[in-house]
Amino acid sequence: MKVSGPVSAGFAPALVQWQRRDGRHGLPWQGTRDPYRVWLSEIMLQQTQVSTVLGYYPRFLDRFPDVHALAAASEDEVMSMWSGLGYYSRARNLHRCARTVVSEHGGSFPATSSVLATLPGIGDSTAAAIAAFCHGERVSIADGNVRRVLSRLLAFEGDLSQARAQRELWQLAQSLLPEHPSADDMVAYTQGLMDLGAGVCTLRQPACERCPVAGLCEARRSNTTDRFPVKTKRVARRHESWWLLVLRKTEAGQLSIWLERRPPRGIWAGLHCVPVAGDDAQALVVAGDHAGAARHLPALAHALTHRELRLHPVLVDLVPGAAEPATTNGRWVPMEQLSDVGLPAPVRSLLQQLPG
DNA sequence: CACTCGTGGTT
DNA sequence: TAACCAAGAGT
């Protein structure tokens, strides 16, 4: 699967030149070839917008300045720093990857994309990004930006909701790489693909008048940019109601919340959370003999990729000397220490604005 | 391969 | 506003 004609010859040079003049250069993870910093940014940026990562990356880097610091940390420390960023398997794999790099690679990240892709949490696209940015390897990233830019450039008709078409397009991406790039060329080219997708070749209303390769673009020529990328399948989102039992107690002037650890698989796996029940009655069973004091707070909606959650908080203040909650593997966490615990975003939000 | 996994922004 | 999706990977 290759691209021929003027597109293959002109695309990469035009993109590289454009990126150097008009692309982004001031992001916190740019201007370095430190694999740790590049790797961390790429993991955080998976399915996550730049504006969101900007609020996490500097703090995370400050707390874990290098791969050794991250490897030495506990998983709970890592999860607390990741809390709110979502897709928490990324954080667990990040931690595992740091420990693997230290224990099996002498503390240095592998230099090639193929070896990088064997590490936890690093797939083909992330491996390519790290290798291109840090070592100038001639390999293409394969993210959403690339799929959109190239599917328009080539008027690629494959259905990108299918894995086979994605692989096919990735092969085309490989054939569009600069022919004999320097390391700096690969940095500019890789960044250029993302910058073009993020700021010019956008999902809706692409700014073709600002596009450096508009003259090569088949979708532009045929005025069909809105048909690409082709995706047929839709996300099926089912609705569920969850009851969140907020158990609260005061001991020695210390206000605490009862938190459990979520199961190792599924939604919010491994995070801390208030007890979750499938209905109101189950929540009150967990609350035990204090259910009478339960206060039902207004429900809040929380959308995940495949589910639409309706969360029903039930607040119970335990009296001094009351029996422990009827749950296992839970513990009391003082309100002041919630910032040190990995919590789902809606749960953290809920606990921060409880009524007195 | 199809499915699962968070959260926030955009239209 | 419900739908779509963003620097994807693991199972």
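- Donor-acceptor pairing under 3.5 Å, judged by distance alone, is present between the side chain of A:T48 and the base of B:dG6.
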> Yes or no on side chain to side chain contact (heavy atoms under 4.5 Å, CB included) for A:R37 and A:Y57, after CA distance, side-chain angles and deciding distance?
Replying inline: CA-CA 9 Å; A:R37 293 180 173 233; A:Y57 184 78; 3.3 Å; yes

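- Judged by distance alone, the side chain of A:H95 and the main-chain N or O of A:M79 form no donor-acceptor pair under 3.5 Å.
- At B:dG6, none of the side-chain N or O atoms of A:W82 fall inside 4.0 Å of OP1 or OP2 (strictly under the cut-off).
- Across all strands shown, A:A142 has no heavy atoms under 4.0 Å from either base or sugar-phosphate atoms.
- Two residues, A:A127 and A:P229, neighbour DNA chain C, and the one matched to the more 5' nucleotide by heavy-atom proximity is A:P229.
- Using a 4.0 Å heavy-atom criterion, one finds that A:I122 contacts the sugar-phosphate atoms exclusively.
- For A:H25 against A:G23, the heavy-atom pair with the smallest separation is ND1-O, 2.9 Å.
- A:H135 and A:A111 get closest at one heavy-atom pair: CD2-O, 3.3 Å.
- With respect to the salt-bridge test (charged N to carboxylate O, under 4.0 angstrom), the residues A:R227 and A:E157 qualify.
- Counted within 6.0 Å of CZ on A:R59, heavy atoms from surrounding residues, nucleotides or ligands total more than 12; the atom is thus considered enclosed.
- Between the P atom of B:dC5 and the CH2 atom of A:W268 lies a distance of 11 Å, rounded to the nearest Å.
- Remark: the A:S161 side chain and the A:D159 side chain contain an N/O donor-acceptor pair separated by less than 3.5 Å.
- Within residues 344-354 of chain A, the residues that place at least one heavy atom under 4.0 Å from DNA chain B are, in residue-number order, A:P344, A:A345, A:P346.
- Here the P atom of nucleotide B:dG6 and the CD atom of A:E308 are 15 Å apart, to the nearest Å.
- Rounded to whole angstrom, the span from the CZ atom of A:R90 across to the P atom of B:dG6 amounts to 9 Å.
- If A:Q205 and A:Y88 are placed on DNA chain B by their nearest nucleotide, the residue sitting closer to the 5' end is A:Y88.
- Counting heavy atoms from C-beta outward, A:D280 and A:H312 have side chains that stay 4.5 Å or more apart.
- Residue contacts for A:I130: at a heavy-atom cut-off of 4.0 Å it reaches no nucleic acid atom on any strand shown.
- For A:R204, the side-chain atoms get nearest to B:dT10 when compared with the rest of B:dG8, B:dG6, B:dT10.
- Among the atoms of the strands shown, none is found under 4.0 Å from any heavy atom of A:R92.
- Shortest non-hydrogen contact noted between A:G107 and A:V67 is O-CG1, 3.6 Å.
- When the P atom is used for both C:dC4 and B:dC3, the distance is 16 Å, rounded to whole Å.
- Remark: the A:N223 side chain and the A:R220 side chain contain no N/O donor-acceptor pair separated by less than 3.5 Å.
- Mapping heavy-atom proximity under 4.0 Å, the span of DNA chain C touched by chain A runs 5' to 3' from C:dC4 to C:dG10.
- Rounded to whole Å, the separation between the P atoms of C:dA7 and B:dT11 comes to 14 Å.
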Taking only N/O atoms, report every protein-nucleotides 1-4 of chain B pair under 3.5 Å with atom names and distance.
from	atom 1	to	atom 2	distance (Å)
B:dC1	OP1	A:R167	NH2	3.0
B:dC1	OP2	A:R167	NH1	2.2
B:dC1	OP2	A:R167	NH2	3.2

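- With rounding to whole Å, A:L85 atom CG is found 13 Å from B:dG9 atom P.
- Remark: of the listed residues A:L343, A:L245, A:I257, A:L315, A:I257 is the sole one forming a side chain to side chain contact (heavy atoms under 4.5 Å, CB included) with A:V274.
- Between A:L304 atom CG and B:dG8 atom C1' there is a gap of 12 Å when expressed in whole angstrom units.
- The local environment of CZ in A:R24 is crowded, with over 12 non-hydrogen atoms from other residues, nucleotides or ligands closer than 6.0 Å.
- Spacing between C:dA6 and B:dG6 at atom C1', rounded to whole Å, works out to 12 Å.
- When every heavy atom of A:W268 is checked against every heavy atom of A:P346, the shortest pair comes out as CZ2-CG, 3.7 Å.
- Counting to the nearest Å, the P atom of B:dC5 and the CZ atom of A:R237 are 13 Å from each other.
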